[in-house]
Each structure stands twice: as C-alpha cells, then as structure tokens.
Amino acid sequence: MNEKDKINKKGHSLQNSEHFEHYYVEEPQTPLKVREVQLKLKNGHIYTFKSPSGVYSFGDVDKATQILINHHAPVSGKVLDIGCGYGVIGIVLKKENPQVEIFMSDINKRAVEFAKINAKDNNIDADIRHGSLYEPWSGMVFDHIIANPPIVAGKKVWMDLVSGAYEHLKPGGTLQLVAYHNKGGERIRNYMKDIFGNAEDIWKEGGIRIYLSRKE
C-alpha cells in the first residue's frame, strides 16, 4: 500500500480489498491469532512477546525495529515509544535501561491490549495508552521520542508524528526514527531537518537508517 491510498479520520484504510486490512486502524477486524515471537539482541539478551494478528508486525519482529533497538542513541529520563505496536521497542528499552520512564501508545486498540500483556509478561512498568499519535499525551513533554513510523499509513501521519514531536520534547531531547531510506525514509529525514533544524543518520544497515533530530 502506498501513500496514494486513502486513510480516514480514524486511521481506517479505504483501499477496496477484502483480503487486506491496514494495521493502522483503531479496531482491527482481522480474526485474532496470537503467535509467540523471540528477539535476541546483539548483547545476547533474549525477549519473548505475544504477537497478535492485525498489529504490525505479526509473527516476527521486523528488521527495522531490530536495528532501532540495537543501535539507537542513548536514552534517559522520560521516553515515549509512539506507535508502539505490541510493545517491543518500549519494553526492551525499559529492560535494558531500568532508570528510564517508559510511555507507549498506539491508535490500534489490539496493539495497546497486547503491549500491556507483554509489559506484564516481561515484568516492566510502563504507562501505556490508546490514541492517535500525541492525543494521549496532551500537555506532556519527554526527553526522547522513538519510533518505527507507519510510513504505509500515509504522508500526513508521519509528518504529524515529526512535527508533534517537536512540541512534546524537552530542550535537548531527541526524536529517533527508523526507516528504509529509499522507501520514504529520505523524505522523513528531510522533514525532520525542516522541523528541528537538524537531522543526522546515526546508523545505516541494509538500506535501513536511524535518523536523529535534537530539539535545540
């Protein structure tokens, strides 16, 4: 699905296909199936998650997320995992950095449900909320915002994610996003530079890059 495909106000795909349901939805209609997935970090730590259908990425931890988890810039203080899916990024960040406070949210209610389940299973405390982008975090600011953005949901979504991050970051705070550079990532990086006045590639691997902007 590309950016020409329409997304309605609740995030529902208007693509005419009975075989396809966009994961960027509030209430997935896909029958629930749950698979157990494992993630092994470069430091050897192993994590187990329940991965539900109708939530990105069902049945495995996608490569971009793995790269972001293994190679993000250091985090501290309050960290927001926005568009958290079933919780992989936020949960691992908390386990690997026990001193941080983790906040997680997603528009997808099933994602939020399983992020809470996975947080409990992995014995971490996190503030996990349902809502579109920054709606659940009105008036709050963070030290870091980190995400594997839903490029497939369309240009407006990732642009709102970037511009909203500036308003929800403390001075000196960072926005860290991961994407395939030649599949929309370069445009995200350029927009991050427009909004923040800076953007850099902090990791490159297999066509995937981690972009970082700092609120100055």
Side-chain angles (χ1 to χ4, degrees), residues 1 3 5 7-13 21-28 30 39 49 51-58 60-69 72 75 78-94 102-119 126-138 140 142 144-169 173-180 183-185 187-189 191-192 195 208-213:
M1 187 176 187
E3 290 180 8
D5 295 312
I7 305 294
N8 72 8
K9 290 183 179 179
K10 287 190 176 182
H12 292 277
S13 171
E21 181 186 47
H22 200 290
Y23 65 84
Y24 193 78
V25 296
E26 189 168 12
E27 300 198 35
T30 304
L39 171 65
F49 303 94
S51 169
S53 56
V55 176
Y56 186 79
S57 58
F58 177 48
D60 65 4
V61 178
D62 66 285
K63 186 65 174 178
T65 293
Q66 293 182 44
I67 289 173
L68 181 59
I69 288 170
H72 63 83
V75 294
K78 294 183 176 181
V79 182
L80 172 60
D81 172 11
I82 191 163
C84 66
Y86 52 88
V88 176
I89 295 172
I91 289 168
V92 174
L93 284 178
K94 178 63 176 178
I102 288 290
F103 302 80
M104 303 159 65
S105 62
D106 203 291
I107 191 173
N108 186 317
K109 290 182 178 179
R110 188 179 292 176
V112 172
E113 176 188 357
F114 276 84
K116 291 179 179 179
I117 290 170
N118 286 321
D127 186 341
I128 305 173
R129 304 184 187 184
H130 167 256
S132 177
L133 295 178
Y134 300 98
E135 288 177 359
W137 313 110
S138 177
M140 295 184 65
F142 303 91
H144 305 276
I145 297 174
I146 191 164
N148 181 354
I151 297 176
V152 71
K155 182 179 179 180
K156 185 179 186 304
V157 173
W158 62 255
M159 290 182 75
D160 287 350
L161 190 157
V162 173
S163 60
Y166 191 87
E167 303 301 321
H168 287 271
L169 280 170
T174 69
L175 172 65
Q176 301 182 47
L177 302 181
V178 65
Y180 283 86
K183 296 181 180 179
R187 287 195 294 168
I188 292 177
R189 183 189 188 278
Y191 190 62
M192 290 170 67
I195 296 297
I208 297 169
R209 300 190 188 185
I210 302 175
Y211 311 114
L212 182 147
S213 289

Salt bridge (charged side-chain N to carboxylate O under 4.0 Å, His left out) with D60: which residues, sequence neighbours excluded? none
Could you list the residues that satisfy salt bridge (charged side-chain N to carboxylate O under 4.0 Å, His left out) with K63, not counting sequence neighbours? E205
Identify the two heavy atoms, one from [X] and one from [Y], that lie closest to each other, and give their separation to 0.1 Å.
| X | Y | answer |
| --- | --- | --- |
| Y86 | S51 | CE2-OG, 3.5 Å |
| W158 | I151 | CD1-CA, 4.3 Å |
| P149 | L161 | CB-CD1, 4.2 Å |
| I210 | H72 | CD1-N, 4.1 Å |
| G90 | M104 | CA-SD, 4.1 Å |
| A115 | G85 | CB-O, 3.8 Å |

Report the residues that fulfil side chain to side chain contact (heavy atoms under 4.5 Å, CB included) with [X], sequence neighbours left out, ordered by chain and then residue number.
| X | answer |
| --- | --- |
| A111 | V55, D106, N108 |
| M140 | F103, R129, W137, F142 |
| A64 | D62, N148, V178, I208 |
| K183 | Y180 |

Once ring pair (Phe, Tyr, Trp, His ring centres under 6.0 Å) is applied, do any residues pair with H168, and if so which ones, sequence neighbours excluded? Y134
Within-4.5 Å side-chain heavy-atom neighbours: [X] and [Y]:
| X | Y | answer |
| --- | --- | --- |
| F49 | I91 | yes |
| T174 | L169 | no |
| H144 | L93 | no |
| Y191 | S163 | yes |
| S105 | I82 | yes |
| L39 | T65 | no |

Nearest 0.5 Å, please: how far is [atom2] in [Y] from [atom1] in [X]?
| X | Y | atom1 | atom2 | answer |
| --- | --- | --- | --- | --- |
| E135 | H130 | CD | NE2 | 8.5 Å |
| L212 | L175 | CG | CG | 7.5 Å |
| K78 | I102 | NZ | CD1 | 12.5 Å |
| L133 | I107 | CG | CD1 | 7.5 Å |

Got a sec, which residues hit side-chain hydrogen bond (donor to acceptor under 3.5 Å, both in side chains) with [X], two or more places apart in sequence or on another chain?
| X | result |
| --- | --- |
| S213 | none |
| Y211 | H181 |
| D81 | none |

Do the side chain of R189 and the main chain of R209 share a donor and acceptor less than 3.5 angstrom apart?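 Pair absent, no side-chain N/O of R189 close to backbone of R209.
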Donor-acceptor pair, side chain of Q66 and main chain of V61, under 3.5 angstrom: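 Between the backbone of V61 and the side chain of Q66 there is a qualifying donor-acceptor contact (under 3.5 Å).
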